[in-house]
Amino acid sequence: DTEVTQTPKHLVMGMTNKKSLKCEQHMGHRAMYWYKQKAKKPPELMFVYSYEKLSINESVPSRFSPECPNSSLLNLHLHALQPEDSALYLCASSPQGTYGYTFGSGTRLTVV
Amino acid sequence: QKEVEQDPGPLSVPEGAIVSLNCTYSNSAFQYFMWYRQYSRKGPELLMYTYSSGNKEDGRFTAQVDKSSKYISLFIRDSQPSDSATYLCAMSAGYSSASKIIFGSGTRLSIRP
């Protein structure tokens with residue numbers, strides 16, 4: 001299995017809702033990442049998990065809460081989002097480092 | 001000044017042409033250089049990964065890095081309509097997962113049949 005699987009593919013949520021994005025990989029990669037990508041912009045790093053521990057938080061607002069329950073799974077919990085948070089949320093994994101990044105297809109999030 | 005500059009295009013070329021995509025950067029600490037391809041509504045896919053200066057070839061793709069000029073290129077030979085996508089250059093100063101990857105803004109490429 002050489003894929004990173006993200007669910008759901010699309011999500012529409014209200015500003016008072018709580019939702020979660022899920023990311024799964026079975027490649028044995030020990031680093032997992034969340035990125036945010038706005039239309040026609042490059043991906044922006046949000047969080048890095050290394051060996052299931054949060055190693056980088058790029059000053060992301062607390063309404064985004066990451067969780068890594070095990071080495072194969074990464075969640076992003078969303079609460080009280082703003083319309084400007086609407087974007088494509090990408091999960092990626094790598095063996096350990098910048099080589100061999102594999103991105104998922106993303107969750108397209110719309111906040112209404 | 002952005003750390004990584006990339007012409008957004010769009011770039012349109014006929015099928016079979018050689019395509020040249022370029023990025024410049026300002027941070028001399030960058031040592032690892034990547035090219036990603038992103039189709040519409042998909043995540044980026046790693047095409048090429050190079051360390052320091054030099055050339056790397058993989059099939060129809062050739063990546064070049066000139067650290068003295070802070071300039072990287074991706075060449076696509078015998079371009080196909082399936083190569084139509086957005087191409088993102090990316091670079092980092094280190095190899096570890098703690099090394100932040102900086103992406104260019106992407107060049108939209110269209111190959112005309």
Side-chain angles (χ1 to χ4, degrees), chain A residues 2-7 9-10 21 23 25 27 29-60 68 71 74 87-109, chain B residues 2-11 21 23-25 27 29-52 56 58 63 65 72 85-110:
Chain A
T2 58
E3 287 189 345
V4 172
T5 303
Q6 289 188 244
T7 54
K9 293 194 183 307
H10 302 276
L21 310 184
C23 172
Q25 57 90 13
M27 294 177 280
H29 289 177
R30 303 314 301 265
M32 296 186 76
Y33 313 81
W34 280 114
Y35 281 82
K36 173 182 176 179
Q37 186 175 27
K38 301 278 257 184
K40 299 186 180 181
K41 298 289 187 182
E44 296 176 1
L45 183 65
M46 299 174 72
F47 303 103
V48 178
Y49 273 84
S50 178
Y51 290 90
E52 299 154 54
K53 293 192 188 312
L54 182 66
S55 62
I56 294 178
N57 176 340
E58 285 287 312
S59 302
V60 179
C68 189
S71 60
L74 188 65
L88 180 68
Y89 287 84
L90 293 162
C91 174
S93 70
S94 71
Q96 185 55 256
T98 57
Y99 179 74
Y101 253 59
T102 302
F103 279 91
S105 291
T107 294
R108 191 161 297 280
L109 174 68
Chain B
K2 288 182 183 178
E3 278 192 286
V4 179
E5 299 273 4
Q6 184 175 9
D7 187 335
L11 179 62
L21 303 169
C23 288
T24 59
Y25 63 94
N27 188 346
F30 288 144
Q31 296 195 76
Y32 298 87
F33 303 91
M34 294 143 264
W35 285 95
Y36 285 85
R37 177 176 62 195
Q38 186 171 22
Y39 292 113
S40 180
R41 302 185 182 280
K42 296 289 188 182
E45 171 193 11
L46 180 66
L47 282 177
M48 301 290 279
Y49 185 98
T50 55
Y51 170 68
S52 196
K56 183 175 182 179
D58 184 1
V65 175
I72 71 170
T86 296
Y87 289 78
L88 299 148
C89 65
M91 45 200 80
S92 68
Y95 177 79
S96 77
S97 59
S99 301
K100 188 174 177 180
I101 294 179
I102 307 298
F103 287 86
S105 55
T107 299
R108 282 193 299 139
L109 173 66
S110 175

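Values below: all heavy atoms of this structure, side chains included; hydrogens, waters and symmetry mates excluded. Numbers restart at 1 for each chain; the letters A, B, ... are given by sequence-line order, proteins then strands.
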Please look at B:S99 and chain A and tell me whether the side chain, the backbone, both or neither of the residue comes under 4.5 angstrom of a heavy atom of that chain. both
Which pair of heavy atoms, one from A:T98 and one from B:M34, lies closest together, and at what distance? O-SD, 4.0 Å
Can you tell me which portion of B:E45 sits under 4.5 Å from chain A's heavy atoms? Options are side chain, backbone, both or neither. neither
Below 4.5 Å, heavy atoms only, C-beta onward: do B:I101 and A:Y33 meet side chain to side chain? no
Part of B:Y49 lying under 4.5 Å from any heavy atom of chain A: side chain
Can you name the nearest heavy-atom pair linking A:P42 to B:G104, along with the distance? CB-O, 3.1 Å
Evaluation steps, side-chain contact (heavy atoms from CB on, under 4.5 Å), between B:R41 and A:K9: CA-CA 10 Å; B:R41 302 185 182 280; A:K9 293 194 183 307; over 6 Å; no
Might you work through the side-chain contact (heavy atoms from CB on, under 4.5 Å) test for A:F103 and B:Y36, ending with a clear yes or no? CA-CA 10 Å; A:F103 279 91; B:Y36 285 85; 3.8 Å; yes
If you count heavy atoms of other groups shown closer than 6.0 angstrom to OH of B:Y95, is the number above 12? yes
Once rounded to the nearest 0.5 Å, what's the spacing between atom OH of A:Y101 and atom OG of B:S92? 8.5 Å
Does any backbone or side-chain atom of A:R30 lie under 4.5 Å from a heavy atom of chain B? Answer side chain, backbone, both or neither. neither
Answer with side chain, backbone, both or neither: which region of A:E58 has an atom nearer than 4.5 Å to a non-hydrogen atom of chain B? side chain
A:Q37 versus chain B, heavy atoms under 4.5 Å apart: side chain, backbone, both or neither? side chain
For chain A, which candidate among B:S96, B:P44, B:G106, B:P8 shows the most heavy-atom pairs at distances under 4.5 Å? B:P44
Verify side-chain contact (heavy atoms from CB on, under 4.5 Å) between B:F103 and A:Y35, making sure each step is shown before the conclusion. CA-CA 11 Å; B:F103 287 86; A:Y35 281 82; 3.8 Å; yes
List the atom of A:L90, the atom of B:G43, and the distance in Å for their closest heavy-atom pair. CD2-CA, 3.7 Å
State whether the number of non-hydrogen atoms from other residues, nucleotides or ligands found under 6.0 Å of B:K42 atom NZ is greater than 12. no
Do other residues, nucleotides or ligands put more than 12 heavy atoms under 6.0 Å from A:K41 NZ? no
